[in-house]
Chemist: 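Before I ask anything, here is the structure I am working with.
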There are 2 protein chains.
Amino acid sequence: MSPQRRTGLGTNQEAIRRHNLGTVLRHVHSAGEMSRAELTSLMGLNRSTIAGLVGELESLGILERADPAEGVRQGAGRPSAGVRIAADGPYVIAVDLGVDRAVVARVGLGGQVLQRAQAPVQAEGEAWQVGAAVAALVRAVVEDAPAVAPLVGMGISVPGLVRRSDGLIRLAPNLEWHDVSFGGIVLAALGLDVPVCLANDADLGALAEHTRGSGVGTDELIYLSGNVGVGAGIITGGHRLEGAGGYAGEVGHLRFDPDGHTCHCGNRGCWETEVGAHAIAAAIACPPDKVVQLGEVLDSFDKPSPALRATGTALGQGLASLVNMFNPQTVILGGYFRALYTLVGPEVNAGLAERALPAPLESVTLALPGLGADSSLLGAAEIALEPLFVDPVAALGTAIDDVHSRLAG
Amino acid sequence: MSPQRRTGLGTNQEAIRRHNLGTVLRHVHSAGEMSRAELTSLMGLNRSTIAGLVGELESLGILERADPAEGVRQGAGRPSAGVRIAADGPYVIAVDLGVDRAVVARVGLGGQVLQRAQAPVQAEGEAWQVGAAVAALVRAVVEDAPAVAPLVGMGISVPGLVRRSDGLIRLAPNLEWHDVSFGGIVLAALGLDVPVCLANDADLGALAEHTRGSGVGTDELIYLSGNVGVGAGIITGGHRLEGAGGYAGEVGHLRFDPDGHTCHCGNRGCWETEVGAHAIAAAIACPPDKVVQLGEVLDSFDKPSPALRATGTALGQGLASLVNMFNPQTVILGGYFRALYTLVGPEVNAGLAERALPAPLESVTLALPGLGADSSLLGAAEIALEPLFVDPVAALGTAIDDVHSRLAG
DNA sequence: ATGAATTTGTTGTGCCGGACGACAGTCTGG
DNA sequence: CCAGACTGTCGTCCGGCACAACAAATTCAT
């Protein structure tokens, strides 16, 4: 969390330095290689101050100097030397725990996936089994990491409700998990102690799309995630909407039709009973074992059936409730909603326009994810990297060097 | 908006001072008279620094020294001198524009209403007529203001959609206004030029309840406002949820029952058609001209009718959607919902428990407004005071002294 | 081609703000 | 009455950023 969100505390000079170092890093992280001059104008600080900040980050091994770009060079004057993420700089482990598979990646600053591995996950597998599988993937992924590169932390994307205070998985319906401390399980299987952070997959999708996907530049966005269940990650004012316990965004259980079907949550007519994966699978006669790959199944269609059109209308109408409530600038349709929207986009738009209020409707645009299927994975990397932007020096202090040999030993 | 929300900018020493001065002021504003020692521990700064900050605010005429409280004195040691809002310090004008009446108040730091006046407003009155009436109330309210006390700004609470960027009233259904620049109208009628800030009444109710009402200490709250329409003000992470255009919180048009009644927005079965004032009035056979005082009408009941019980259930069921989506810690039932909840609280609770997910349900509590009917008025004062907390020196620089004689001249 | 203009990097200096330590003042408790 | 505890005040110091001056590298005009 940005220090900007601190509430009643005072600021001292130490905090300035922390904040400015972190902000420099955040800019290079999100915009990629850039010049000191750009940093100067972005941050509103003096040239010499920026030079000092960049110099400190270089001596920490986080950034490195880049020769002036040979490419387009506009305007007169001395060309500004570039600044970029260091090659052997700090990295994090990102884990995207899906319903049917787990993806693990080693991700550096700048959101670059340096290495990745994945494995299928047993449906209804025990948490310790999944944890062991993830740990094996982690070992594979850090194998080629440079010994000098420090591991800053680990982020895990979970298809379920995660308690904000301690990262406990309260409920993951499709894994059939209740109150699982998955972070601890993975760390125990690894025999490692690094900061680990868990969050809901839709929340992380929103975060990643906001940082480097279709939502760049918009501080009000909703990432609607269609996996087996329906959830939303919400960014307002540039920050994740978490809620008191961390459970915000459970839009799948919005009331949609009181006379509708029974939902697994026990109520009737939740939105998920209309636009959830099982509902869509039933509408298109998709076999039950293919439900987890509903996106691919939908991709194989070239013309939408009437049932799919109705689903599109329901999607748009439900979105209208979200738009009325949040007044977002962008709504990103992730998971199988990407495939669904490419099939029945007009119906979705019509359903939305029909039921949204004019004022919020005029400022919203629907978009597809800019990061494809990696939104949640990269979001997991983002939350793991976050401490670096709050206080780079402190984050490096708790980081672990030469992880590979530690894991081997 | 708090400086805490700045995004990518750097911080310099000037900003530190601004921030710390503002934070001191914010603490005294929200907690009332306090000692320097308390400020020291709250803000984590050194004693001498706090002394310097308080001294500067005293010399600006914002704070004043208070003798050590005679009351309970705990622990040994030298008693700490108090700090409180100065008697003739800066103030703002707060306007609560209702459907049937306008309330105008002169409000000082600390949220103290120093003077107030109100007048009925013509139903379907022209904006310039209402503006003139408000201007007259403003004149009345500043009449006895000390000449040395500066006017910092004006905040206006509006029952409708307000564009965030410029404060334009896009739509106020019950006043039948479209695209009215009410701030400009009032300023023109006054012949004064002060910073003026407009916002939705529910948003301001949430803000006020968060600062000094039932929502103190909770950073995730929803203020559900029942006036003629139904709207919500939402605080997440301690900040107002505004949305891209400023229209967030239009929960009255959540889809509730697709086979329900037609709503004035053109759709069927909006939540407002079940729990809106007109719906309730119809259910209890309240004459149409009393709809604007629905709260008082409900207060006269001592036993709920079956129709009211059904309304309570619908209220709870709709709240469940909000709770699932936002995972708030507190939901405050303002406007006529206060009276409704005292009548049919059990039904509301049951409807909520029936349809909310277990995890968000366990952390939410329903509450009545702690500020009575003044929530929106005090919220209007809060947004007008906000510049003082961002930069006290600058805000005083643009403030106007001796308003009364200026208005007379 | 050459000098002027422009822009950036570098260095040294100064200012400002908060931290810290020492001392004084005022209370509680024995 | 004295020891202990806590707060306010003062002077000093340190760290961070701004600023000015200079050097370096490039573009543009003649």
Side-chain angles (χ1 to χ4, degrees), chain A residues 3 6 9-24 33-59 63-84 391-393, chain B residues 3 6 9-24 33-59 63-84 391-393:
Chain A
R6 277 170 310 116
L9 278 74
T11 307
N12 54 20
Q13 304 192 108
E14 205 179 313
I16 292 194
R17 188 69 174 179
R18 273 202 303 272
H19 173 242
N20 285 347
L21 276 176
T23 305
V24 167
E33 179 175 332
M34 60 201 312
S35 71
R36 294 154 127 93
E38 286 174 272
L39 282 170
T40 303
S41 66
L42 276 173
M43 292 181 59
L45 299 179
N46 194 279
R47 281 203 303 252
S48 54
T49 308
I50 294 292
L53 294 167
V54 170
E56 184 166 348
L57 289 172
E58 280 171 357
S59 70
L63 296 182
E64 67 184 15
R65 215 186 157 85
D67 285 332
E70 293 297 320
V72 281
R73 186 175 297 160
Q74 51 223 21
R78 172 176 177 173
S80 190
V83 180
R84 66 166 170 241
D391 186 347
V393 179
Chain B
R6 276 171 311 116
L9 279 74
T11 307
N12 54 20
Q13 304 191 110
E14 206 180 326
I16 292 195
R17 188 68 175 182
R18 273 203 303 272
H19 170 78
N20 285 348
L21 276 176
T23 305
V24 167
E33 181 175 330
M34 61 199 316
S35 71
R36 294 154 126 90
E38 285 174 273
L39 282 171
T40 302
S41 66
L42 277 173
M43 292 181 57
L45 298 179
N46 195 280
R47 281 204 302 252
S48 54
T49 307
I50 295 291
L53 294 167
V54 169
E56 183 165 347
L57 290 172
E58 281 172 356
S59 70
L63 295 181
E64 67 184 16
R65 216 188 155 85
D67 286 333
E70 293 296 322
V72 280
R73 187 175 297 159
Q74 50 222 23
R78 173 178 175 173
S80 188
V83 180
R84 65 165 170 242
D391 186 348
V393 179

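Every chain is numbered from 1, with letters handed out A, B, ... down the list of sequences.
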Chemist: With a 4.0 Å limit, can you tell me whether B/N12 has a side-chain N or O closer than that to the phosphate oxygens OP1/OP2 of D/dA18?
Modeler: yes
Chemist: Over how many whole Å does the gap from A/E56 atom CD to D/dG16 atom C1' extend?
Modeler: 11 Å
Chemist: Could you report the tightest heavy-atom contact between B/V24 and B/L63, atom names first, then the distance?
Modeler: CG1-CD1, 4.3 Å
Chemist: Measure across A/S35 and A/S80 and return the closest heavy-atom pair with its distance rounded to 0.1 Å.
Modeler: CB-OG, 3.4 Å
Chemist: May I ask you to evaluate whether A/R17 reaches the phosphate of D/dG15, defined as a side-chain N or O under 4.0 Å from OP1 or OP2?
Modeler: no
Chemist: Mind checking if A/N46 touches a base, just sugar-phosphate, or nothing, with heavy atoms under 4.0 Å?
Modeler: base
Chemist: Rounded to whole angstroms, how far apart are CZ on B/R65 and P on D/dG8?
Modeler: 8 Å
Chemist: Among the nucleotides D/dC17, C/dG9, D/dG16, which one has an atom lying closest to any side-chain atom of A/L45?
Modeler: D/dC17
Chemist: Rounded to whole Å, how long is the line connecting atom CD1 of A/I16 with atom P of D/dC14?
Modeler: 19 Å
Chemist: Counting only distance, no hydrogens or angles, is the base of D/dG15 paired donor-acceptor with the side chain of A/Q13 under 3.5 Å?
Modeler: yes
Chemist: It should be established whether B/N20 places a side-chain nitrogen or oxygen under 4.0 Å from OP1 or OP2 of nucleotide C/dG18.
Modeler: yes
Chemist: What integer distance in Å separates A/M34:CE from C/dT8:P?
Modeler: 13 Å
Chemist: To the nearest angstrom, how far is B/E14 atom CD from C/dG18 atom C1'?
Modeler: 16 Å
Chemist: Using atom CG of B/L39 as one end and atom C1' of C/dG18 as the other, report the distance to the nearest whole Å.
Modeler: 16 Å
Chemist: Please examine the side chains of A/L53 and A/R17, heavy atoms only from C-beta on, and report whether any two atoms are closer than 4.5 Å.
Modeler: yes
Chemist: Considering only heavy atoms from C-beta outward, does the side chain of A/Q13 approach that of B/Q13 to under 4.5 Å?
Modeler: yes
Chemist: Roughly how many Å is it from CG in A/L53 to C1' in D/dG15, rounded to a whole number?
Modeler: 13 Å
Chemist: Taking CD from A/E58 and P from C/dG9, how many angstroms apart are they, rounded to a whole number?
Modeler: 11 Å
Chemist: Between the side-chain atoms of A/S48 and the base atoms of D/dC19, is any donor-acceptor pair under 3.5 Å?
Modeler: yes
Chemist: Take A/R47 and A/R78, find for each the nucleotide of DNA chain D with the closest heavy atom, and name the residue whose nucleotide sits nearer the 5' end.
Modeler: A/R47
Chemist: Check the surroundings of atom CD in A/E58: do more than 12 heavy atoms from other residues, nucleotides or ligands lie under 6.0 Å from it?
Modeler: yes
Chemist: Counting side-chain heavy atoms from C-beta on, which of C/dG18, D/dG16, C/dG9 comes nearest to A/S80?
Modeler: C/dG9
